[in-house]
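Structure, as structure tokens:
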Amino acid sequence: MRLFQLCISAFAAASLLSACGGGSDDDSNNQPPYQLNVKKVEGRYHNNRSASATEVKSAANFAAPQAAVISLPALDTEALIMKAAASGGALQVAQAQSVPQAQTAAQFAQLLAWRSDAQGNSSAAVRINATDAFGLRLGLVVDALPDAATVRVFREASSSQDAVGYEISGQAINSLIQTNADAGDTTQAGKTWWSADLGGDSVVLQITLPAGVSSDAVKVALPIVSNLFRDASEYAFEQADAEVLNTEPLLSLSTADSAAKAESIPSAGSCNLDVNCFIEGTDQKNAVARMLFISGGNGYFCTGTLLNDAINSNTPYFLTANHCISTQAEASSLQTDWFFRSASCNSSLLDSRSVKLTNGARLLFTNNLTQGNDMTLLVLNSAAPAGTYLAGWDANQNNGSQLVYGIHQPNGSLAKISGGFTAAYANCTATNCVPTNSGNARFYRVNWTEGVTQGGSSGSALFTRNNYVIGTLFGGESSCTAQSLPDYYGRFDQAFESGIKRFLAWSRVPF
């Protein structure tokens with residue numbers, strides 16, 4: 001079975017979608033949480049403190065330091081894109097690239113030329129240039145870093161308006177590394193902090209120490225970078241006509257304009273439909289984010305969804321697939337793009353609220369195909385952005401055929417919606433899914449009547465027509481040239497009973 005085959009040619013979509021124009025509030029008492037008899041929760045907009053407008057901001061005020069320069073050769077982009085297209089599942093968009101000059105802390109220290117300012121603060125920097133890269137995430141291996149250090153990562157540009165970057169404390173980096181260690185990961189991957197993607201082929205890493213802190217206390221290496229061989233930020237559109245069939249729609253268009261538009265880069269198959277053109281998912285689309293995370297030094301796209309809990313705690317619980325994120329080190333590398341969609345139905349503009357969170361997440365629950373049905377629950381380390389929605393869920397067994405829809409980021413594109421129905425249950429291995437009528441099966445078999453899924457859609461939620469999450473996307477065979485072939489979603493009710501209920505159905509946040 002091909003998992004998430006990329007759409008190569010356009011296919012006219014049947015018009016069955018209808019058209020229309022972190023932190024938590026924890027109890028202050030010392031009583032342990034207890035399980036609530038809850039198997040169904042309504043969605044709602046969060047009303048807790050929100051994350052800052054963005055963690056990545058203008059770097060116009062960041063001084064361009066004298067920096068040692070590391071130059072890396074171009075990757076074989078064409079071969080990498082072809083390999084990613086054939087692999088299916090989580091969509092690879094970045095390749096691990098060795099940095100020979102900084103494999104060890106001793107080598108990296110030789111690159112750092114520390115300079116002091118009038119206040120006694122000392123700084124040193126390196127500039128990494130990677131030919132033809134669309135973005136760079138730096139894999140900083142931390143043996144020792146003072147909590148008082150400040151790490152800046154920024155992209156210089158010809159004008160101050162194009163310069164972007166951010167800063168993070170040594171304490172925050174050490175906290176992420178400690179989270180990995182607490183989860184049992186003491187490998188190099190567990191000791192690696194990953195910078196955020198800022199776009200472009202050059203990035204500066206600057207470390208600043210306050211007066212009185214010796215540079216000898218900095219013991220870090222930069223053995224690899226994750227080189228984006230696909231552009232993660234483009235969202236240009238080109239017009240494409242879609243055939244409208246004379247059939248009763250499953251989802252409702254929000255405007256009279258039923259023409260589809262296909263994105264050029266990153267490209268979603270032409271049969272995919274803009275989520276903003278439909279009544280279904282009006283609130284739920286605000287729970288969905290595009291994911292970019294690191295595994296083995298490579299970068300991948302998936303999709304995840306915020307979930308509400310039984311006590312409305314505003315905790316940013318985030319549901320995705322195990323084949324996307326299965327370890328704490330991968331969770332720590334997570335960055336999420338929110339409101340990554342068009343500004344309006346078939347608009348050529350990106351939603352002005354689009355925002356990137358870069359602080360990673362904690363792994364709460366995960367199961368693979370051997371243990372269960374490919375599902376992962378995270379909690380974001382940052383509060384969810386203002387305007388996001390906490391999706392409702394139904395952990396009761398959903399029997400029989402019913403109308404469903406999915407909201408996802410196919411091929412890393414702006415958000416799309418697919419409509420269809422659950423056709424049967426199924427049991428899946430890594431390479432094959434077998435339909436069955438057995439209620440004990442671990443997956444739903446879904447047939448689409450509009451839209452499909454692609455690489456990058458992995459981990460996205462399956463919603464009932466009444467807007468409850470009942471599954472997450474494992475894989476499938478659907479494509480724009482084979483729209484009738486099924487996709488498969490892990491059953492939320494089974495993962496709930498296996499452990500997710502320990503977080504979503506307790507009297508207070510249990511951590």
Side-chain angles (χ1 to χ4, degrees), residues 3-11 13 17 81 84-85 87-94 134-135 197 199 228-240 242 259-278 281 284-293 299-305 320-321 324 335-356 405-419 448 450-461 473 475-476 478-481 483 487:
L3 298 182
F4 296 106
Q5 177 180 346
L6 291 179
C7 300
I8 304 301
S9 61
F11 181 79
L17 295 171
I81 290 176
S87 63
L91 180 66
Q92 185 180 351
V93 294
F134 285 108
D197 165 42
L228 271 81
F229 56 82
R230 290 189 37 170
D231 195 334
S233 62
E234 298 263 357
Y235 45 86
F237 287 80
E238 59 187 15
Q239 182 73 37
K261 292 187 179 181
E263 294 164 61
S264 54
I265 302 176
S267 59
S270 59
C271 66
N272 282 291
L273 300 174
D274 187 341
V275 68
N276 280 328
C277 296
F278 299 90
Q284 289 67 32
K285 66 188 177 186
N286 296 317
V288 176
R290 184 179 72 171
M291 303 165 57
L292 176 61
F293 61 94
Y300 298 87
F301 279 151
C302 276
T303 304
T305 306
T320 188
C324 295
Q335 67 177 56
T336 46
D337 294 303
W338 299 91
F339 312 111
F340 194 76
R341 59 180 186 243
S342 64
S344 59
C345 175
N346 288 333
S347 169
S348 61
L349 301 176
L350 178 68
D351 192 309
S352 61
R353 295 178 297 170
S354 180
V355 60
K356 186 190 305 291
Y405 67 92
I407 301 173
H408 50 102
Q409 318 272 176
N411 214 24
S413 69
L414 304 187
K416 299 295 185 287
I417 189 169
S418 304
W448 300 118
E450 293 184 90
V452 293
T453 62
Q454 295 175 247
S457 303
S458 282
S460 59
L473 182 58
S478 73
S479 72
C480 286
T481 55
Q483 195 174 15
D487 285 336

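Quick caveat: nothing in here was measured; it's all calculated off a predicted structure. All values below come from the heavy atoms of this structure, side chains included, with hydrogens, waters and symmetry mates left out.
A donor-acceptor contact shorter than 3.5 Å links the side chain of R290 to the backbone of A232. T303 contributes a side-chain N or O that, together with a main-chain N or O of G456, makes up a donor-acceptor pair within less than 3.5 Å. Of the possible polar contacts, none joining the Q284 side chain to the N286 backbone as a donor-acceptor pair under 3.5 Å is found. Not a single donor-acceptor pair under 3.5 Å links the side chain of N411 to the backbone N or O of S413. Side-chain atoms of S354 never come within 3.5 Å of backbone atoms of F340 as a donor-acceptor pair (strictly under, hydrogens ignored).
Separation of atoms CD (Q454) and SG (C480) is listed at 6.0 Å; rounding is to 0.5 Å. Separating the OG atom in S342 from the CG atom in D351 is a distance of 7.5 Å, to the nearest 0.5 Å. For the atom pair NE2 of H408 and CZ of F301, the computed distance is 15.0 Å after rounding to the nearest 0.5 Å. The distance from atom OG of S418 to atom CG of L273, rounded to the nearest 0.5 Å, is 7.0 Å. D274 contributes atom CG, which lies 6.0 Å from atom NZ of K416 (distance to the nearest 0.5 angstrom). Taking CG from L292 and CD from Q335, the interatomic distance works out to 4.5 Å, rounded to the nearest 0.5 Å.
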Practice task
Go through K285 and N276 one step at a time and tell me if the side chain to side chain contact (heavy atoms under 4.5 Å, CB included) criterion holds.
Solution key: CA-CA 9 Å; K285 66 188 177 186; N276 280 328; 2.7 Å; yes
Exercise for the section: Apply side chain to side chain contact (heavy atoms under 4.5 Å, CB included) to F134 and V93, showing your working. Expected result: CA-CA 10 Å; F134 285 108; V93 294; over 6 Å; no
Practice task
Determine, stepwise, if the pair S478 / T453 fulfils side chain to side chain contact (heavy atoms under 4.5 Å, CB included).
Solution key: CA-CA 7 Å; S478 73; T453 62; 3.7 Å; yes
Practice task
Determine, step by step, whether C277 and N346 satisfy the side chain to side chain contact (heavy atoms under 4.5 Å, CB included) criterion, reporting the C-alpha distance in whole Å, the side-chain angles of both residues, the deciding distance to 0.1 Å, and the verdict.
Solution key: CA-CA 7 Å; C277 296; N346 288 333; 3.8 Å; yes
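The shortest heavy-atom contact between I81 and F229 is CG1-CD1, 3.8 Å. Here the closest heavy-atom approach between residue R230 and residue L91 is recorded as NH1-CD2, 3.5 Å. Heavy-atom minimum distance, A461 versus T305: CB-OG1, 3.5 Å. In terms of heavy-atom proximity, A415 sits nearest to Q409 at N-NE2, 3.3 Å. Between S458 and C302, the shortest heavy-atom distance links the atoms O-CB, 3.4 Å.
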